[in-house]
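First the structure, in the form of structure tokens, and then the observations on it.
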Number of protein chains: 2
Amino acid sequence: MAKNECDLKSCFLCKFCLKDWIPAIAANRKNFEVKKGQQLFKEGDPAAGIYFIYSGAVKVHKRWDNEKELILRFAKTGDIVGQMGLGPEATYPVSATAIEAGLACFVDMEFFDSTLNINTQFTKQLVMVLANDLKESEKRMRNLAHMPVKGRVAQALINLKNQFGTNNDGYINIELSRQDLASFTGASYESLFRVINDLTEEKLIGVSGKSILIRDTGRLVNLTAETE
Amino acid sequence: MAKNECDLKSCFLCKFCLKDWIPAIAANRKNFEVKKGQQLFKEGDPAAGIYFIYSGAVKVHKRWDNEKELILRFAKTGDIVGQMGLGPEATYPVSATAIEAGLACFVDMEFFDSTLNINTQFTKQLVMVLANDLKESEKRMRNLAHMPVKGRVAQALINLKNQFGTNNDGYINIELSRQDLASFTGASYESLFRVINDLTEEKLIGVSGKSILIRDTGRLVNLTAETE
DNA sequence: CGTATCTTTGAGTCATGTCAAAAACGGTGG
DNA sequence: CCACCGTTTTTGACATGACTCAAAGATACG
């Protein structure tokens, strides 16, 4: 393999980049290992650049009140993190923290920006990614406003299953702390706990340690529609 | 003015488009008047294309439950609507309805897509717009999860003032029904009503019909920080 | 084996939504 | 100009979902 080609198949950056631009990427990217719990950046930091996740998992979250936070979304292999640092404001509006060790790639904003100027296909792909994130965000926003906690937990579990898939036993392929799951659904720790209990008793899900198994997708989906 | 040049200064599409692409735009766009209350599209509709708002005001909203909705954002002169129709899903995930009469421009998805392929500057601008929308959306999401209604109303009023400005008397330059204001803050009609009352009594705002005047920005901003 | 960190449970409180009904408003047509 | 009807505003009472607080069990861990 040529030294200046991307050796990582799931590199969003390389996948959609011009052939003759790839050497420049190789020269400008910084690959590095990420430890569990490591913070890639936090809200308020100067927006230094964009991160591409090769492996592992990262939570993107936003604080409220020094105590509470909301997890906005998760990024895993092939996803981008830090794109909200784009635009005139020079700081990240959110934080990004690894929940699973892995490998990431950093590209500084200046180089990223020049890529956007040069590479239409890449920029277009970014538009698609952002449009999708926006769609998801607006859907969750609506849910936060109108859907009760139980439905939101159901929705969160469905989303997690879609994003991370399941292992051999059918358990969702991500281990989240209860606290993180609560922050992801926008509920308190205790509320989440009780709902998880309910769902287990009603046999909609199964729990083993931190792993969660969806037993009855149909009824879980019903919870997300509720009054309809 | 040449017939094939864009005659509308606030056309996002033309402003960032290549000179030699503008004739193609002129041939492919459809300008039309929008009446108050007119629905540009509704969620579930096939994503036919993108709308550019020249004048007037449009709300972008998402239903819940046939009764309730959340207003996600407003679009006015220079803004784009329908961009969430981008991507593999062929339907709009939201609705767009005029709250003020005005002028809009429609470009079908196919042509829009080919513009994205050809015009890097335009595509890059779109990235910036989307990144900004995403930022705003995620902020509001966090607020919906953790900020009490009063703070959200305060935030909504501040946002409206920033987006629409004020008229000679200092009143925010948009007339929203109370119902719409409630849907925008993610609260019930009655809750919104009581909060507006409170704020008026506390002399943070003034109300005249549907128009609202911000009297004390400082204390209003405090409400959005609350416990900090 | 003791200390710290999570889990689990219970009880109490409060913010917000719901429901219902009265009052005010606005337009329309006679 | 007024009587009427539909809509929006305003108010009160109430129900309840969800958060908070606090404390007792577990579990991990050095």
Side-chain angles (χ1 to χ4, degrees), chain A residues 36-37 63-71 99 140-156 175-202 205-212 223-224 226-228, chain B residues 36-37 63-71 99 140-156 175-202 205-212 223-224 226-228:
Chain A
K36 183 170 176 171
R63 294 206 140 295
W64 170 257
D65 172 70
N66 290 326
E67 292 291 314
K68 293 176 216 163
E69 67 172 14
L70 183 72
I71 294 180
I99 53 174
R140 285 193 60 207
M141 196 159 123
R142 192 268 320 262
N143 291 349
L144 237 14
H146 293 303
M147 192 186 280
V149 167
K150 194 165 183 179
R152 298 211 302 273
V153 173
Q155 184 72 66
E175 286 203 357
L176 279 182
S177 75
R178 288 293 143 91
Q179 184 54 65
D180 276 347
L181 196 49
S183 297
F184 185 49
T185 70
S188 68
Y189 182 97
E190 294 92 330
S191 290
L192 174 96
F193 175 80
R194 292 180 227 260
V195 169
I196 291 286
N197 258 3
D198 286 359
L199 294 177
T200 308
E201 277 173 23
E202 298 166 27
I205 65 172
V207 175
S208 161
K210 281 180 185 167
S211 300
I212 293 182
L223 286 178
T224 67
E226 202 92 7
T227 45
E228 261 186 322
Chain B
K36 183 170 175 171
R63 296 205 139 296
W64 170 256
D65 173 68
N66 291 325
E67 293 291 313
K68 294 177 215 161
E69 68 172 14
L70 183 73
I71 293 180
I99 53 174
R140 288 193 58 209
M141 196 160 124
R142 192 269 320 263
N143 292 349
L144 236 14
H146 293 304
M147 192 185 280
V149 167
K150 194 167 183 178
R152 297 210 304 271
V153 172
Q155 183 71 66
E175 287 204 356
L176 278 182
S177 74
R178 288 295 143 91
Q179 184 54 66
D180 277 347
L181 196 48
S183 298
F184 186 48
T185 71
S188 68
Y189 182 98
E190 294 92 331
S191 290
L192 173 97
F193 174 81
R194 293 179 227 259
V195 168
I196 291 286
N197 258 3
D198 287 359
L199 293 177
T200 308
E201 277 172 24
E202 298 166 28
I205 65 172
V207 176
S208 161
K210 280 178 184 169
S211 299
I212 293 183
L223 286 179
T224 67
E226 204 91 10
T227 46
E228 257 186 324

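Residue numbers start from 1 in every chain, and the chains themselves are labelled A, B, ... in the order their sequence lines are given, proteins ahead of strands. All values below were derived from every heavy atom in this structure, side-chain atoms included, with hydrogens, water molecules and symmetry-related copies excluded.
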**Q.** Nearest-nucleotide 5' precedence on DNA chain C, Arg178(A) against Lys150(B)
**A.** Arg178(A)
(Q) Please evaluate residues Arg63(A) and Lys68(A) with respect to the criterion side chain to side chain contact (heavy atoms under 4.5 Å, CB included), reporting the C-alpha separation (whole Å), side-chain torsions for both, the decisive distance (0.1 Å), and the verdict. (A) CA-CA 6 Å; Arg63(A) 294 206 140 295; Lys68(A) 293 176 216 163; over 6 Å; no
Q) Does the side chain of Ser188(A) come under 3.5 Å of the side chain of Ser191(A) through a donor N or O and an acceptor N or O? A) yes
Q. CG of Asp198(B) versus C1' of dA15(C): gap in Å, rounded?
A. 13 Å
Q) What is the per-nucleotide protein-contact pattern of nucleotides 20-30 of chain D, from the 5' end, where B denotes a base atom under 4.0 Å from a protein heavy atom, S denotes such proximity for sugar-phosphate atoms only, and - denotes neither? A) BB---------
(Q) Using the side chain to side chain contact (heavy atoms under 4.5 Å, CB included) definition, which of the options Leu144(B), Ile71(B), Leu70(B) pairs with Arg142(A)? (A) Leu70(B)
Q. Rounded to the nearest 0.5 Å, what separation is found between the OG1 atom of Thr185(B) and the CG atom of Leu181(B)?
A. 6.0 Å
Q: Using atom CZ of Phe193(B) as one end and atom C1' of dT16(C) as the other, report the distance to the nearest whole Å.
A: 16 Å
Q | Axis deviation across the helix from dC1(C)-dG30(D) to dG30(C)-dC1(D), five-pair ends, to the nearest 10° | A | 30°
Q | Spacing between Leu192(A) atom CG and dC6(C) atom C1', to the nearest angstrom | A | 14 Å
Q | Rounded distance (Å) that lies between atom P of dC6(C) and atom CG of Asp180(A) | A | 11 Å
Q) Does the side chain to side chain contact (heavy atoms under 4.5 Å, CB included) test come out yes or no for Thr224(A) and Met147(A), once each step is laid out? A) CA-CA 7 Å; Thr224(A) 67; Met147(A) 192 186 280; 4.0 Å; yes
Q: Drop me the distance from Glu69(B)'s CD to Trp64(B)'s CH2, to the nearest 0.5 angstrom.
A: 14.0 Å
Q: Can you tell me the distance, in whole Å, between the CG atom of Leu181(B) and the P atom of dT9(D)?
A: 11 Å
Q: Return the value, rounded to whole Å, for the distance between atom NE2 of His146(A) and atom P of dA18(D).
A: 14 Å
Q | Atom-to-atom span, CD of Gln179(B) to P of dT8(D) - whole angstrom | A | 9 Å
Q.
Any side-chain N or O of Tyr189(A) below 4.0 angstrom from OP1/OP2 of dT7(C)?
A. yes
Q.
I'd like to check Asn197(A) versus Phe193(A) (side-chain heavy atoms, cut-off strictly below 4.5 Å). Are they in contact?
A. yes
Q: Check every atom of dG17(C), dT10(D), dT9(C) against the side chain of Ala187(B) and return the nucleotide holding the closest atom.
A: dG17(C)
Q.
Less than 4.5 Å apart, side chain to side chain, heavy atoms only: is that true for Leu223(B) and Val153(B)?
A. no
Q: Check side-chain hydrogen bond (donor to acceptor under 3.5 Å, both in side chains) between Glu202(B) and all other residues, then give those that pass, not counting sequence neighbours.
A: Lys150(B)
Q) Leu144(A) CG to dC19(D) P: how many Å, rounded? A) 10 Å
Q) Does a side-chain N or O from Asn197(A) land closer than 4.0 Å to OP1 or OP2 of dT7(C), or not? A) no
